[in-house]
Amino acid sequence: MSSFTENNSQLCCEHDRIMDILRSIPHFSELQVDSLKVMALVCNHMNYQPGANVFGAGDIDNKAYYIVEGTAEVIRATDQGEVVVGAFAQGAFIGALALLSDVKRLFFLRAKTPLKCLIIPRKKLSQTLGQSGNGFQVFLKSIAASIVAWEEVQLRSGTSIKSSPGGAGVSLL
Amino acid sequence: MPSTSEYTPVTKKSIYSWVFYKNTHLQLLVVGIILVTVALRLIPLEMSKRIINEAVGMRDLHRLYLYCGIYIVSVVLASVLKMVINLLQNFIGERTLKVLRERLYAHALSLPLNFYRKTSPGQVISYMITEMIPVANFIGSAVAVPAVSLLTFLAYFIYLFYLNPYLSLMAVAIYTAEVFVIPPIQKKFNKANRERIDNTQKVSGIIGEAISGVHEVHSNASIPLERNRYRRALQKLYRSTLVMNAYKYGIKFSNNFFQSLGPFSLLLIGGYLTIKGRFDLGALFAFQAAYDKLYQPWKDLMEFWQIYIDSSVRYKQVMDAFDIEPDHELEAKGRAPYHLDGDISVRHLTYAVGSNIKLLDDVSLEIGEGEHVALVGFSGSGKSTLALCIAQLYKYTGGSVRIGGHEVAELSKQDMAHNLGMVAQHPFIFNGTVWDNLMYSCDALTLQGGGCARNGRPPTLDKVIEVAQQVGLFLDVLSFGLRSTIEPDEYPDLAKAIIHARHEFKAEHGQDLANDIEIYTHDSYVYYGSVAANIITGAPLKDNYNAAPLHEWPLFKDFLVRQELMNPLVELGTTLTRRVVDIFSSIGDVPEELYKESPIRQEDFEQYKSIADHLERGLKPTEEEVALLLKLALNCIPGVHKLGSISDELARMIVEARTPFRKMMQERDPLAFAFLDEDEYMRGRSIQDNIVFGRVKPDSAGAEERINQGIMQLLIMEGVLEQVVEMGFHFEVGSMGDRLSGGQRQKIALARIFLKTPHIVILDEATAALDNASQKRVQSVITRKWKGINTVVAVIHRLDMLVHYDRVAVLKAGKIIEQGTYEQLIDKKGALYELVYGKQ
Ligand SMILES: Nc1ncnc2c1ncn2[C@@H]1O[C@H](COP(=O)(O)OP(=O)(O)O)[C@@H](O)[C@H]1O
Ligand SMILES: [Mg+2]
């Protein structure tokens with residue numbers, strides 16, 4: 001059952017697999033390979049059984065998630081019960097804001113199928129990247145950039161600005 | 001705690017006061033011994049004079065022996081006494097250092113919180129540790145050194161004078177000349193030295209800059225340009241070093257010159273006088289000896305002056321830094337601590353900092369005994385500040401806070417400790433066990449003459465377990481307990497119960513928890529175990545197997561060779577070394593955190609780095625290096641160390657080696673190892689591992705809780721739950737509690753206050769780090785236990801908790817903008833309504 005039995009090449013190990021994932025995430029594309037290698041050391045895989053929460057509404061979170069396998073649902077708890085408001089599938093990178101600072105989760109993220117995530121923890125990340133040159137700065141920059149880029153895409157695709165927080169763009173926060 | 005005789009605050013005492021502080025009789029003793037010593041030091045001089053004049057001159061053997069005898073006795077005695085002086089001096093210094101550090105520490109801890117907003121812990125540590133060492137040195141030697149030096153100098157001088165007044169005046173003249181000549185050269189030397197240091201820095205700067213920008217240098221082909229820049233700076237450094245050294249040797253020369261000028265003039269004039277018969281040979285000899293000896297006390301005195309200047313500057317700096325009065329009395333003086341009623345009255349409270357920035361502005365709030373009041377508002381609105389003012393942690397600058405009719409500013413810390421307890425927004429956990437931390441408030445109260453239980457005794461285990469359940473810490477403590485390892489021989493009953501529970505666990509949960517556990521079996525590789533553990537599948541029973549590292553054990557190495565495991569393992573070690581060194585070398589300062597992810601331990605890193613270096617250069621590893629590579633491979637746990645990987649082929653070979661290894665050991669030393677056996681306790685593994693007979697997968701979300709729930713039931717049935725939980729309470733939390741999660745730290749802080757159950761409870765976002773369910777549970781305990789009995793002031797961040805409170809006060813920018821019951825404020829549709837439902 002263990003993921004370690006998939007080894008075929010001698011050079012391949014957990015660290016290489018995590019490196020591959022991190023390099024595929026646009027937020028980290030500007031990081032130097034050396035920083036990524038360090039980062040890969042502190043990230044971990046986690047398996048969730050269907051129905052298990054990755055995080056819950058109201059949780060104060062400091063981790064970001066990348067879906068390696070399976071799908072997860074985004075659920076909002078309302079007075080009328082739980083409402084599914086979205087879903088993430090393999091390849092989704094979720095919750096990068098928590099890498100800047102503790103973030104209150106407003107949704108539940110729940111495994112719909114057996115789910116495997118890569119967890120990127122802020123605390124360890126800042127401890128390790130903080131020490132290696134400007135690694136962390138680059139990373140902060142890319143998160144800010146990704147927020148703006150996200151809104152740009154929304155605007156181009158014609159999503160109404162009225163639904164944005166405060167009645168204006170999220171990049172104006 | 002200062003006793004009555006020590007009322008002057010430590011920071012107001014002068015450095016001199018310590019010289020005689022509780023040391024007067026010792027210092028007098030020192031002076032007495034010094035007088036004797038100095039007298040003793042003159043005897044050898046006189047004796048040598050007499051030996052030459054009376055014994056040698058008169059060819060009197062008898063006298064020769066007598067004078068030599070006196071000579072040696074006085075020399076030995078003087079040295080012994082000098083040692084006694086040194087010991088006493090050291091004793092006085094160190095003892096005073098201890099007192100100083102103790103008093104300074106107590107004073108530092110009593111200073112207001114605001115002091116530490118500006119002073120870092122590192123600063124305080126350096127003040128208390130390093131800065132005090134020269135001070136203690138000075139205090140110890142403050143009497144002894146000047147006394148010894150001056151008296152010795154004086155004694156020799158008088159002796160010289162007695163031998164020959166003119167010659168003695170000449171000797172002193174030479175010393176005086178030295179004082180005028182050497183310092184100016186010294187000054188020039190210092191200046192040259194500074195210049196040299198400047199130039200060194202410039203040269204270093206140029207190197208650093210050029211290396212950092214080496215890509216620019218290459219792309220401009222500017223090596224000659226950079227070389228010129230460097231050469232100019234180097235030239236300056238070269239010159240200034242030459243000049244500095246010239247002065248240095250100048251000083252040396254003058255020193256030597258004056259040193260030999262003395263004897264020279266002495267020999268010339270003394271010799272002349274002796275030849276003329278106005279001076280005898282013995283006296284000349286004694287004079288020469290005494291003259292030499294003048295130098296040492298002179299030098300000592302100069303050094304002492306330096307120490308004095310240095311340490312008095314340091315002392316003043318340290319004392320000035322701490323020269324602040326504590327905001328509040330520490331103890332209730334001349335009375336028992338008050339038992340305060342639980343009503344709190346806050347009137348026109350103002351707390352201003354800096355240039356009159358009002359963090360609290362005219363705040364008024366009346367709280368009745370047993371009432372529960374919530375403080376809400378945006379972050380930065382002053383909620384914590386208000387809580388801290390009520391709890392006496394901040395000294396408010398205006399208005400009043402009364403608890404049970406007493407003004408808080410006038411109460412002592414002891415009064416507060418007896419009546420009030422607080423959970424801070426970021427509770428602090430100290431190094432030690434969970435138990436120590438839970439007892440922290442109770443222990444402190446006991447030392448202040450109070451106690452947590454009614455009979456003044458510490459809370460019982462049952463009580464602590466009850467509280468742990470209330471705050472939701474119980475499962476955490478249980479899991480700490482399950483993580484501990486026991487010696488089955490020490491706890492035979494527990495071990496038996498655990499083995500029994502193991503079978504039950506398999507029967508009951510084997511199916512549903514299969515995904516959460518990696519079970520130990522004889523024929524599959526365990527990825528959460530080390531390579532070595534996978535081969536041995538057991539634990540050594542005999543100490544000599546424990547002590548000998550496997551990679552150095554010839555029998556084991558032969559075994560690996562026979563199993564054809566040696567080469568693949570060394571190769572694995574090589575790969576690991578290369579990868580770890582590659583990553584870690586790219587970061588300057590590898591944080592400790594990262595070493596947890598690597599099979600190479602921090603202390604071994606340099607060794608492996610040099611191995612990687614050799615490998616990189618294509619060198620064949622030495623035998624020693626091969627052993628280290630093997631060690632690394634044996635310690636590799638692929639499930640933990642992301643850089644390690646075991647190919648399926650290698651895993652299969654390792655599993656196949658298990659049976660031969662067992663066979664080999666059973667033939668050689670049948671009692672050496674306890675091998676994996678479903679009916680035996682596994683030594684060296686945690687209780688949890690023993691029950692699940694495997695390893696809980698760390699990458700399975702929620703696995704630990706699910707399993708521990710199951711285990712808990714079994715432990716209850718076995719009747720050993722309490723024992724395991726007790727072990728959990730002895731879990732070491734690490735420095736600042738860094739082995740605990742934020743939630744666990746907060747639960748411990750809550751449990752502290754539940755154990756203490758003070759009359760007045762202040763909670764500052766005390767449940768913010770807990771999950772939803774725990775928050776609700778803790779809140780319901782607070783309401784159920786304390787409503788109407790204990791006054792509670794709680795800063796609340798989760799607005800759905802507000803319904804549990806009698807009253808709500810909403811803060812904004814340091815003011816209370818509305819207060820009332822939850823319903824009133826919601827109906828009013830004011831600030832609270834906006835907080836709860838957002839702007840409409
Ligand atoms: N001793 C102090 N000196 C200066 N500023 C302070 C001090 N204590 C608190 N502050 C500042 O006062 C404001 C209110 O702080 P606080 O009472 O902690 O807010 P809240 O608990 O409501 O989030 C914050 O901006 C904080 O930085
Ligand atoms: Mg606060």
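Within every chain, numbering begins at 1; the chains are lettered A, B, ... in the order of the sequence lines, protein sequences first and strands thereafter.
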Query raised in the report: Quick one: does A/Asn47's side chain have a donor or acceptor within less than 3.5 Å of a partner on B/Asp699's backbone?
Result: yes
Requested in this report: Please confirm whether the backbone N or O of A/Cys43 pairs with a side-chain atom of B/Lys642, one donor and one acceptor, at under 3.5 Å?
Outcome: yes
**Report entry** Options A/Asn44, A/Val33, A/Asp34, A/Leu41, ranked by heavy-atom pairs under 4.5 Å with chain B, top entry
**Finding:** A/Leu41
Around [X], counting heavy atoms of other residues, nucleotides and ligands shown, do more than 12 lie under 6.0 Å from its [atom1]?
X: A/Arg23; atom1: CZ; answer: no
X: B/Gln602; atom1: CD; answer: yes
X: B/Glu209; atom1: CD; answer: no
X: B/His522; atom1: NE2; answer: yes

Report task. Return the minimal non-hydrogen interatomic distance between A/Cys13 and B/Arg579, and the atom names on each side. Result -> SG-NH1, 3.5 Å
With only heavy atoms counted, which part of [X] is less than 4.5 Å from chain B, the side chain, the backbone, both or neither?
X: A/Ala57; value: backbone
X: A/Ile60; value: side chain
X: A/Ile18; value: side chain

So which part of [X] gets closer than 4.5 Å to some heavy atom of chain A, the side chain, the backbone, both or neither?
X: B/Ala768; result: backbone
X: B/Asp516; result: side chain
X: B/Phe584; result: side chain

Query raised in the report: Say you draw a straight line from NE2 of A/His45 to NZ of B/Lys697; how long is it, rounded to the nearest 0.5 Å?
Result: 14.5 Å
Report task. Please round to the nearest 0.5 Å and tell me the distance separating atom CG of A/Leu36 and atom CD1 of B/Ile583. Result -> 10.5 Å
Query raised in the report: Less than 4.5 Å apart, any side-chain heavy atom of A/Gln49 and any of B/Arg706?
Result: yes
